[in-house]
Amino acid sequence: MTGALLFALCLSGFLLLALSMDRHRAEITRHRLRPKVSTGVRLVGFACLALAFAISLEDGGRGLVGGIGLATAAALAVVLGLALRRAR
Amino acid sequence: MFPSIRQSMAFLHTWAGLLAGWVLFIVFCSGTAAYFNGEISRWMRPELGNASDPLRAMASAEALLKQEMPEGHYWFVSLPGGRNNATHVYWQAMPASPDETEGDEGNRTLDGTGAAADVRATEGGDFLYRFHFDLRYLPVIMARWIVGACAMFMLVAIISGIITHKKIFADFFMLRFGKGQRSWLDAHNAASVLALPFHLMITYTGLASLMFLYMPWGIDARYDEPETFYSEAWDSPAPVEHQGRPAPLVPVTPLIERALPFLDGEAPAYVFVEHPGDTSAVVEVSTRGDGGLSAARRRVIFDGTTGAILHAGTPGGGAAETLAVMIGLHAGRYADTGLRWLYFLSGLGGTAMVATGLLLWTAKRRRKSETPAFGFRLVEALNIATITGLPAGIAAYLLANRLLPLGGADRAEAEILALFVTWALALLLALVRPARRAWAEGLGLAALAFLSVPVVNALTTARGFAASLAAGDGAFIGVDLTTALIGAGFAFAAWRAARPQAAARTSRRLPSSGAARS
């Protein structure tokens with residue numbers, strides 16, 4: 001259960017980070033983001049990742065290993081998702 | 001020599017990576033598969049059911065050992081439980097004469113409840129585990145030095161790669177398909193950066209787990225016999241001398257239950273009896289070290305003639321425990337199914353990192369000379385042979401397990417030979433065929449081999465995919481499904497490699513986004 005929550009947090013975090021980067025924002029949505037909004041999106045993205053990190057530490061070393069593994073999987077999902085979207 | 005640190009690091013990255021790359025591919029590829037060594041072993045012994053009962057298994061093993069060799073050098077029993085469904089029984093007699101070091105040996109595999117099983121001879125998933133640091137057909141110590149040297153190169157390549165990578169954050173999510181060399185670089189970056197914590201951890205802890213081989217000098221300087229150091233570091237009792245005076249051995253199976261309170265909740269996994277039938281007999285009950293990050297085995301040692309507890313608990317102090325955590329992190333024995341899959345995913349990332357790195361070396365140099373130089377041709381052939389040949393060989397290893405006749409003295413060895421013959425076939429392809437064709441054919445070979453695995457399993461056993469699904473048999477579902485997926489991946493890659501090259505695919509140059517660098 002915690003695993004699903006952590007994965008969702010990491011996925012949201014990385015998606016928001018991608019959204020706050022101009023080149024990827026253009027691939028996700030046609031809307032432009034005002035610089036302030038973009039910064040906000042980036043901060044929320046980092047906050048999601050930080051929250052996931054904190055939650056994973058609840059389970060000590062084992063939790064941290066799992067959290068890092070899930071973060072890798074989530075980032076991979078975002079990278080592949082963007083790449084496939086671009087290829088279409 | 002180099003105008004900037006980045007260029008000198010790029011040089012280091014390129015050549016450290018190339019020199020060690022092929023060995024590293026072997027280590028990453030077989031090591032990644034070995035995260036599922038228990039499940040692969042189950043799949044490779046289809047005669048065995050999933051039931052396991054360690055105490056009953058030990059009772060049967062003890063009866064068998066008493067019958068086979070009531071007195072001798074040692075008994076060793078690997079108990080079923082957890083991811084293991086087999087009971088392995090080994091015994092060795094005392095050397096027949098003082099100039100020999102080992103006596104006659106024997107072994108038997110029982111099922112998880114200790115019933116005698118007519119099980120095919122195979123090294124199972126444990127072969128892949130051993131192969132990833134002991135290689136094969138080489139003296140073990142030499143192999144470990146080779147793997148260690150390459151792992152050190154890996155560490156150098158990772159650090160220099162991080163320094164070389166110009167836009168590690170700006171390009172974090174960047175993966176562009178169909179842009180030739182640029183795409184390989186993107187893929188290499190993605191495989192490396194996304195699983196970077198894993199790559200650093202696995203390389204460092206891999207080196208650490210063999211550190212006494214690589215750096216023995218501290219021990220040499222301080223101790224006359226390395227054994228003294230090991231027994232101090234891990235609280236091991238001094239080895240016992242064989243007395244040559246017969247004495248009955250206490251019943252061993254009940255000792256397992258008496259050991260339980262000292263095992264911190266871990267399951268008893270190994271029973272080792274030294275000098276059964278002698279007054280010097282000792283019995284050691286130990287765990288797999290899979291209860292937590294630390295891989296330290298909990299153990300209890302009993303006097304073999306009286307049954308008194310001689311020693312109990314977790315061995316070692318803080319330094320030994322630190323090493324045990326590193327080994328635990330590396331091997332992931334503690335990992336439940338979910339975490340095991342994450343380890344596997346990151347391991348695939350490492351394998352892809354090495355493979356794309358090797359490919360980049362050729363991609364960057366392809367256009368520069370019309371007739372490829374010998375060095376270029378050599379690297380390309382080794383790339384094709386390794387990247388397509390080893391995976392195809394692993395699939396052939398699984399296929400041989402199902403297709404070789406069940407009897408035969410060297411059956412387990414023949415399965416392994418199938419891996420290397422397939423690999424040699426890929427090398428032959430790489431040497432005699434033009435590179436493009438060789439890539440397509442090598443990848444096609446791997447695709448065919450992997451896609452055949454679930455099919456051949458269904459044809460040769462009663463535990464095909466549908467039956468396993470109905471029975472909820474995780475190991476069989478996992479191996480069948482994973483091999484099918486990997487096969488599909490290779491088929492896709494083969495199809496892409498076989499497509500006629502779009503003659504001049506103009507790589508649209510992106511405006512160099514120097515501003516994106518932060």
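The chains referred to below are lettered A, B, ... by the order of the sequence lines, with proteins before strands, and numbering in each begins at 1. What you see is a predicted model; the values in this text were computed from it and never measured.
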- Can you tell which part of A/Ala75 gets under 4.5 Å to a heavy atom of chain B, answering side chain, backbone, both or neither? both

Region of [X] that comes under 4.5 Å of a non-hydrogen atom in chain A:
{"X": "B/Tyr343", "answer": "side chain"}
{"X": "B/Leu196", "answer": "neither"}
{"X": "B/Leu194", "answer": "both"}
{"X": "B/Met201", "answer": "neither"}

- Most heavy-atom pairs under 4.5 Å with chain B, out of A/Leu70, A/Leu80, A/Leu82, belong to A/Leu70

- Task: Measure the shortest side-chain to side-chain distance between A/Arg23 and B/Asp171 over non-hydrogen atoms and say whether it is less than 4.5 angstrom.
- Result: yes

- Task: Say whether, by atom type as modelled, one donor and one acceptor occur between the side chain of A/Arg86 and the main chain of B/Leu175 under 3.5 angstrom.
- Result: yes

- Got a sec: does the CZ of A/Arg32 have more than 12 other heavy atoms crowding it under 6.0 Å? no

- Quick one: of B/Leu342, B/Val325, B/Leu345, who has the most non-hydrogen atom pairs under 4.5 Å with chain A? B/Leu342

- Could you tell me which residues in residues 40-69 of chain A have at least one non-hydrogen atom under 4.5 Å from a non-hydrogen atom of chain B, sorted by residue number? A/Gly61, A/Arg62, A/Val65, A/Gly66, A/Ile68, A/Gly69

- Identify the two heavy atoms, one from B/Phe173 and one from A/Val79, that lie closest to each other, and give their separation to 0.1 Å. CA-CG2, 3.7 Å

